[in-house]
Amino acid sequence: MKERLAGLLENSIKTCSDKGLFETGEIPSIELEMTKNAAHGDYASNVAMILASSARENPRKIAEAIVANITDTENILDKMEVAGPGFINFFIGKDVWSALLEEVDELCDRYGESDFGKGKRVQVEFVSANPTGPLHIGHARGAVIGDVIANILESTGYSVFREYYINDAGRQMDILGKSVFLRYLEILGKEVDFPMECYQGKYINDLAEELFEECGDEYLAKDEEDAILVFTDYAVESILSGIKEDLNAFGVVFDCYFSEKELYKDDGVTELLAELQKKEFVYEEGEALWFKTTDFGDEKDRVVVRENGEPTYFAADIAYHRDKYSRGFDKVIDIWGADHHGYIPRMYAGIHALGKEKDALEIILVQLVSLLRSGKPVSMSTRGGEFVTLREVVDEVGRDAARYNFLMRRSDSPLDFDLELAKRKSNENPVYYVQYAHARISSIMRLAHSRGYEIPGFGDIDLGLLTLPEEIALIKEVTRFSEVVEGSARELEPHRLTFYLNDLASIFHSYYNKNRVISDDSELSMARLFLVKSVRIVLKNALRLLGVSAPERM
RNA sequence: GGGCGAUUAGCUCAGUUGGAUAGAGCGCUGGCCUCCGGAGCCAGAGGCCCUGGGUUCGAGUCCCAGAUCGCCUACCA
């Protein structure tokens with residue numbers, strides 16, 4: 001609908017310009033919005049006011065000229081008005097709205113999809129938590145946001161690849177192996193001094209226990225360093241498979257888990273350093289190798305190879321992104337915890353050095369989650385190994401409620417997650433409100449069926465019967481869906497969908513309470529059944545994008 | 001000290017690229033099933049959009065300064 005009106009406006013502006021009614025430099029991109037106020041019609045455009053400044057002409061006069069030169073070829077307009085300082089208001093014919101439902105019926109499960117992304121290849125990297133312990137609640141938000149962004153991009157015509165970067169190299173891994181090894185020694189009755197820097201969680205003891213059961217005291221006699229290597233590998237593999245299981249239970253599935261260790265093995269880091277050197281982006285100072293990130297807007301230069309000859313994590317990260325691009329992705333999206341925001345400039349410096357444009361990388365920051373129980377904070381300390389895991393949250397509140405709750409705020413806004421609230425099956429919990437609308441429509445369908453109605457298709461109904469203001473409002477909301485999906489794809493903002501779902505469910509519940517769908521009038525019943533069926537399709541499609549189920553009964 | 005982000009109803013937050021009378025949920029007050037699912041609906045109260053300047057036809061939105069809060073500020077990962 002929006003595109004159609006934009007087309008009409010554009011043609012009219014061209015006509016006006018040809019007739020010399022006013023000067024147009026560049027024709028601005030046509031801006032249209034759905035109005036908040038019914039008196040302003042269905043859509044409004046401010047294009048005349050935009051043109052006014054360059055044309056040095058009264059905006060109302062321009063608006064009049066544009067309106068006069070619009071040729072409504074498809075006959076979709078009831079009327080047009082010039083209002084206020086120069087808005088052009090469009091009033092769409094009622095039957096035009098209901099005709100839009102044909103597309104919903106036809107496309108059904110695919111309604112809302114588009115080719116907005118034109119097949120561009122996008123990689124979304126998210127979660128990427130170090131395999132040093134199970135995922136906790138903080139990781140869960142990033143997991144859902146990444147997953148849903150990927151879903152949205154997929155449905156808007158991008159080719160999407162989901163990837164998890166495993167930091168399985170470096171000092172942390174040594175500490176992990178050492179932690180398990182020390183606990184293992186404890187099991188064997190040795191007195192050990194367990195340092196603060198080691199991982200304190202109980203899962204470390206469990207891993208040590210498993211190794212003991214399997215190998216007994218075999219590693220007691222072996223060289224400690226060799227033993228730790230074995231323990232590290234065992235721990236990483238075990239923890240990682242736990243992470244994968246937890247993500248799976250949360251509905252998050254990756255196309256690839258990318259290992260940092262492999263990156264080194266395949267000389268990715270070496271090659272990167274060679275490239276930086278060749279392009280002269282690096283210099284030596286104090287035995288270390290520095291990358292001139294300040295050339296690209298960073299506040300200070302960064303070390304890529306330490307004095308001891310080891311590349312930094314940052315070097316590996318650029319090498320990783322280099323690898324991503326070499327795999328042919330047009331665009332790379334990284335989803336990071338907000339505490340990493342200081343890394344953004346240097347990451348952009350990295351991709352600039354690789355010869356990539358700024359828009360080849362998009363970084364989404366996800367703010368921290370505060371876990372609450374009945375309004376009171378749940379204390380968490382990762383160091384002390386005391387935290388609520390993702391698994392525990394999913395087990396306690398359920399996957400649907402957990403996912404939905406993480407999507408109710410913009411990513412960069414902090415979020416309170418209340419376990420009791422998320423569990424509650426009441427109107428305080430928005431996920432049920434939306435799912436309830438779906439279940440309710442399903443229930444209506446069952447009743448209709450039992451009364452002998454076939455569920456109608458677009459061709460089976462008389463559109464002229466859907467004329468109540470609530471019905472038009474419902475149709476408008478339903479047909480807005482694809483614009484919402486496209487908007488959230490463009491801005492990478494999944495929360496738009498939860499807000500949209502809430503609006504749609506609200507309009508539906510209101511309609512339901514005021515009007516009967518199934519009545520004595522079978523023609524009217526058919527028309528309304530078709531309408532609510534359309535609502536159900538959109539609810540279901542939107543929930544699917546969020547990875548939340550659309551139950552038929554609750 | 002420097003950098004980044006935030007500040008909108010009692011609380012938690014939306015607010016598309018600058019548009020007409022600033023929204024939602026919760027909470028609060030009062031109503032609504034003889035009837036398709038009351039996990040629902042309707043109505044009401046509640047606002048110096050942090051402050052002060054600026055930009056323009058027009059600012060919650062953009063720019064500058066200040067206040068308050070949060071985060072970042074390692075040859076860590």
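Each chain gets a letter, A, B and so on, in the order the sequences are listed, and its residues count up from 1.
At the heavy-atom level, A:R490 lies nowhere under 4.0 Å from the strands shown. Residue contacts shown for A:A44 include a base, since a base heavy atom lies under 4.0 Å away. Residue contacts for A:D168: at a heavy-atom cut-off of 4.0 Å it reaches no nucleic acid atom on any strand shown. As judged by a 4.0 angstrom heavy-atom cut-off over every strand, A:E260 is placed among residues making no nucleic acid contact. Residue-level contact check: A:G86 touches neither bases nor backbone, having no heavy atom under 4.0 Å from any strand. Residue A:I518 is in base contact, counting any heavy-atom pair closer than 4.0 Å across all strands shown. When heavy atoms are screened at a 4.0 angstrom cut-off, A:N515 is found touching base atoms of the nucleic acid. When heavy atoms are screened at a 4.0 angstrom cut-off, A:A439 is found touching base atoms of the nucleic acid. Counting any heavy atom pair closer than 4.0 Å across all strands shown, A:Y436 reaches a base atom. At the heavy-atom level, A:A169 lies under 4.0 Å from the strands shown only through sugar-phosphate atoms. At a threshold of 4.0 angstrom between heavy atoms, the contacts of A:D339 are confined to the sugar-phosphate backbone, with no base atom among them. Using a 4.0 Å heavy-atom cutoff across all strands shown, A:S519 reaches no nucleic acid atom at all. Residue contacts for A:R496: at a heavy-atom cut-off of 4.0 Å it reaches a base atom on one of the strands shown. No engagement by A:P345 is indicated, since no non-hydrogen atom pair under 4.0 Å with the nucleic acid exists.
Taking atom CD of A:E299 as the reference point, atom P of B:G3 lies 8 Å away to the nearest angstrom. When rounded to the nearest whole Å, the span between CZ of A:F406 and C1' of B:C13 equals 17 Å. In this structure, A:R410 atom CZ and B:A6 atom P are separated by 8 Å, rounded to whole Å. We find that CZ of A:F508 is positioned 10 Å from P of B:G37, with the value rounded to whole Å. For the pair A:Y500 OH and B:A24 P, the computed distance is 18 Å after rounding to whole Å. B:G19 atom P lies 17 Å from atom OH of A:Y43, rounded to whole Å. In this structure, CG of A:D301 is placed 13 Å from P of B:A74, rounded to the nearest angstrom.
Looking at A:D412, its side chain has no donor and acceptor atom pair within 3.5 Å of the base of B:G5. The base of B:A14 lies outside donor-acceptor range of the side chain of A:N502, with no N or O pair under 3.5 Å.
In a base pair of the Watson-Crick type (N1 to N3 plus N6-O4 or O6-N4) or a G-U wobble (N1-O2 and O6-N3), with each distance short of 3.5 Å, B:A14 is matched with no nucleotide. Pair assignment for B:C41: B:G31, on the basis of Watson-Crick or G-U wobble contacts that are both within less than 3.5 Å. Here B:G58 sits opposite no nucleotide as a Watson-Crick or G-U wobble pair (both hydrogen-bonding atom distances under 3.5 Å). In a base pair of the Watson-Crick type (N1 to N3 plus N6-O4 or O6-N4) or a G-U wobble (N1-O2 and O6-N3), with each distance short of 3.5 Å, B:G46 is matched with no nucleotide.
Residue side chain A:H495 fails the stacking definition with respect to B:A14, as its ring centre and the base's six-membered ring centre are not both under 5.5 angstrom apart and under 30 degrees in plane angle.
When the P atom is used for both B:U61 and B:A20, the distance is 13 Å, rounded to whole Å. Between B:G60 and B:G47, the distance separating the two C1' atoms is 12 Å to the nearest Å. Rounded to whole Å, the P atom of B:G10 lies 14 Å from the corresponding atom of B:U51. B:C62 and B:G19 have their P atoms separated by 10 Å, with the value rounded to a whole Å. Distance check on atom P: B:C48 versus B:U8 gives 11 Å, rounded to whole Å. To the nearest whole angstrom, the two C1' atoms, one in B:G5 and one in B:A24, are 24 Å apart. Separating the C1' atom of B:C50 from that of B:C69 is a span of 11 Å, rounded to the nearest Å. Look at the C1' atom in both B:A45 and B:G31: the space between them is 15 Å, to the nearest Å.
Closest contact between the side chain of A:F499 and the listed nucleotides B:C13, B:A20, B:C71 involves B:C13. Which of B:U17, B:G19, B:C41 sits closest to the side chain of A:E491 comes down to B:U17.
Using a 4.0 Å cut-off between charged nitrogen and carboxylate oxygen, A:K61 and A:E64 do not count as a salt-bridge pair. The pair A:D233-A:K261 meets the salt-bridge criterion, since a charged nitrogen lies less than 4.0 angstrom from a carboxylate oxygen. Here A:K324 pairs with A:E125 in a salt bridge; the nearest charged N to carboxylate O distance falls below 4.0 Å.
Residues A:E285 and A:R440 each lie close to RNA chain B; by heavy-atom proximity, the contact nearer the 5' end of the strand is made by A:R440. Each of A:E493 and A:R446 lies near RNA chain B, and the nucleotide nearest A:E493 is the one positioned closer to the 5' end.
An OP1 or OP2 oxygen of B:C36 is reached within less than 4.0 angstrom by no side-chain nitrogen or oxygen of A:R528. Phosphate proximity of B:G5 to A:H340: absent, as no side-chain N or O sits under 4.0 Å from OP1 or OP2. Within the structure, every side-chain polar atom (N or O) of A:Y432 is placed at least 4.0 Å from both OP1 and OP2 of B:G38. Between A:K300 and B:C75 there is a side-chain N or O to OP1 or OP2 distance below 4.0 Å. Side-chain N/O atoms of A:Y512 include one lying less than 4.0 angstrom from OP1 or OP2 on B:G38. Between A:S510 and B:C42 there is a side-chain N or O to OP1 or OP2 distance below 4.0 Å. Under 4.0 angstrom from either OP1 or OP2 of B:C76 there lies at least one side-chain N or O belonging to A:R306.
Side chains of A:Y343 and A:D317: a donor-acceptor N/O pair is absent below 3.5 angstrom, by distance only. Inspection of the A:R536 and A:S442 side chains reveals an N or O donor paired with an N or O acceptor under 3.5 Å. There is a side-chain donor-acceptor pair under 3.5 Å between A:E471 and A:Y511. For A:R171 and A:Y313, the side-chain atoms include no donor-acceptor pair closer than 3.5 Å.
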